[in-house]
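What follows is a set of notes on a single structure, which appears directly below.
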Amino acid sequence: MSEHFDVYGGARLVGEVEVVGAKNSVLKLMAAALLAEGTTTISNCPRILDVPLMADVLRSVGCEVEMADDVTRITTPAELSHRADSAAMGKLRASVCVLGPLVGRLKRAVVALPGGDAIGSRPLDMHQNGLRKLGATSTIEHGCVVAEADGLHGAQIWLDFPSVGATENILMAAVLAQGTTVIDNAAREPEIIDLCTMLTEMGARIEGAGTSTLTVEGVDALHPTEHVVIGDRIVGATWAFAAAMTQGDVTVTGVDAHHLDLVLEKLRLGGADVTTFDGKGFRVVQSERPRSVDFVTLPYPGFATDLQPFAVALSSVCDGTSMITENVYEARFRFIEEMVRLGADARTDGHHAVVRGVERLSSAPVWASDIRAGAGLVLAGLCAEGVTEVWDVFHIDRGYPAFVENLNRLGARVERVTAEPDRVAAG
Ligand code: EPU
């Protein structure tokens, strides 16, 4: 038996929805707790599957982790294991973020290669090269990244691409290295700033958070802290797209609207009336059929690849033709095959997709291949005639707290159903 969502088409979403802490921040902040002996408290944690999975990863190296409501308490012992190779590791991509902290703290680590989404190849070469520059050896052995150092020293590191994960791992090793590390072409995502903020609260010395150059002055030890996770801009943007697609009126709180400047501008170009509330939230009102807009995914502050499925879903019901360019994950266009099942007029050529808007989509059973594709199919289902079944919803549960409840509160009709699927998996 497996779970799917029945999504009833024809809803107009209206109301207010609160966004809680960002998945792609909290998982890294939990890993950062490994850097300091004692109890670190992280609040505004989202209730999503990936948080207990990450807790299992931390327990596997010797931490105690308690989760109550939106607070996660991690107690890191003096003696940690350097082996993070339990079954939990394979279940989420962010598990690889224990690599930097373990190397920083213990000067050695054996970390199982992570799992995660089917969105394209996700090598670790930049993570490994960064650790090598800091003085560690790094190899892949028996499905694990193995890193070892006599001691870590500061270094000048240039990343080929502003990788979020590589920036985080190198940063978390460099905070305990001797001397100064400069990471150039570093990722600038708000979640990187959040991590830098927490590390600084723990006693790290970091300059340049939010810019392409991070300068880290190594310290001997860090101490535990209490930290509040920033709001999830990707979840916030999901609601913004939902409002535009359903010609609705949705107010989103708990997220900094500045993190979505480009996204909200795209929706304005499509005809939405967007108001922002001093960085604390925003309202999207779409009173007529949205007009088509082009989208190009790029690292922050570009348009996030995580939002590409929503750009495709919106374009499929717009008035006009959109070109969508994917520059980060080549396999993310797999989502389009499922959109075509729903009647979207979309085709891809390399890393470009052309989507000609249709008046109305038509329901069908569809399969989620990753978190964002899953949520994108649900939004498409809201604009489809009939009842769309979205399968493999465990992907959505990994990243969207109370998704069904929030949709229904905004006036949609979406039901979680346990049943036998008609086919085993997508494509
Ligand atoms: N890359 C390399 N070598 C590396 C690292 C990355 O070639 O050593 C390439 C990747 O193949 C990809 C690009 O660099 O083409 C960007 O990857 P990045 O390292 O920035 O991604 P990530 O850290 O693995 C995080 C998010 C993703 C999000 C990307 C891009 C987490 C847990 N995941 O992944 O989020 O798409 O950044 O913004 O933070 C999601 O939340 O649904 C999700 C997939």
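Note that ligands are numbered from 1 as they come in the structure, with each ligand's atoms numbered from 1 the same way.
- Defined by atom type and a distance below 3.5 Å, a donor-acceptor pair is present between the side-chain atoms of Asp194 and His227.
- Looking at Val164 next to ligand 1, an N or O pair under 3.5 Å apart turns up.
- Residues Lys280 and Asp256 are not in side-chain contact: their nearest non-hydrogen atoms beyond the backbone lie 4.5 Å or more apart.
- Residue Tyr329 has at least one nitrogen or oxygen atom sitting less than 3.5 Å from a nitrogen or oxygen atom of ligand 1, judged on distance alone.
- A side-chain donor-acceptor contact under 3.5 Å links Glu326 to the backbone of Tyr329.
- For ligand 1, the atoms sitting less than 4.0 Å from at least one non-hydrogen atom of Leu124 are 8 (O), numbered in the order shown with element in parentheses.
- Within the structure, ligand 1 lacks Gln128 among the residues with a heavy atom less than 4.0 angstrom away.
- Heavy-atom minimum distance, Leu13 versus Val250: O-CG2, 3.6 Å.
- Not one N or O on the side chain of Thr72 forms a donor-acceptor pair closer than 3.5 Å with the backbone of Met67.
- Ion pairing between a basic and an acidic side chain is recognised when a charged N comes within 4.0 Å of a carboxylate O; Arg47 and Asp69 show such pairing.
- Of all atoms in ligand 1, listed by their number and element, those nearer than 4.0 Å to a heavy atom of Phe161 are 13 (C), 14 (O), 16 (C).
- With hydrogens and angles ignored, the 3.5 Å screen pairs a side-chain donor or acceptor of Thr211 with a backbone N or O of Gly208.
- Note that CD1 of Ile157 and CG of Leu159 are 7.5 Å apart. Values are rounded to the nearest 0.5 Å.
- Assignment of Leu27 to the shell around ligand 1 is not supported, since no heavy atom sits closer than 4.0 Å.
- If you check each of Pro123, Gly130, Gly165, Ala94 against atom 7 (O) of ligand 1, the one with the closest non-hydrogen atom is Pro123.
- Nearest-heavy-atom check against atom 39 (O) of ligand 1 across Glu191, Arg332, Lys28, Lys23 picks out Lys28.
- For ligand 1, the atoms lying closer than 4.0 Å to a non-hydrogen atom of Thr305 are 30 (C), 36 (O).
- Nearest-heavy-atom check against atom 2 (C) of ligand 1 across Met126, Arg122, Glu189, Arg93 picks out Met126.
- Between Val328 and ligand 1, at least one N/O pair is under 3.5 Å apart.
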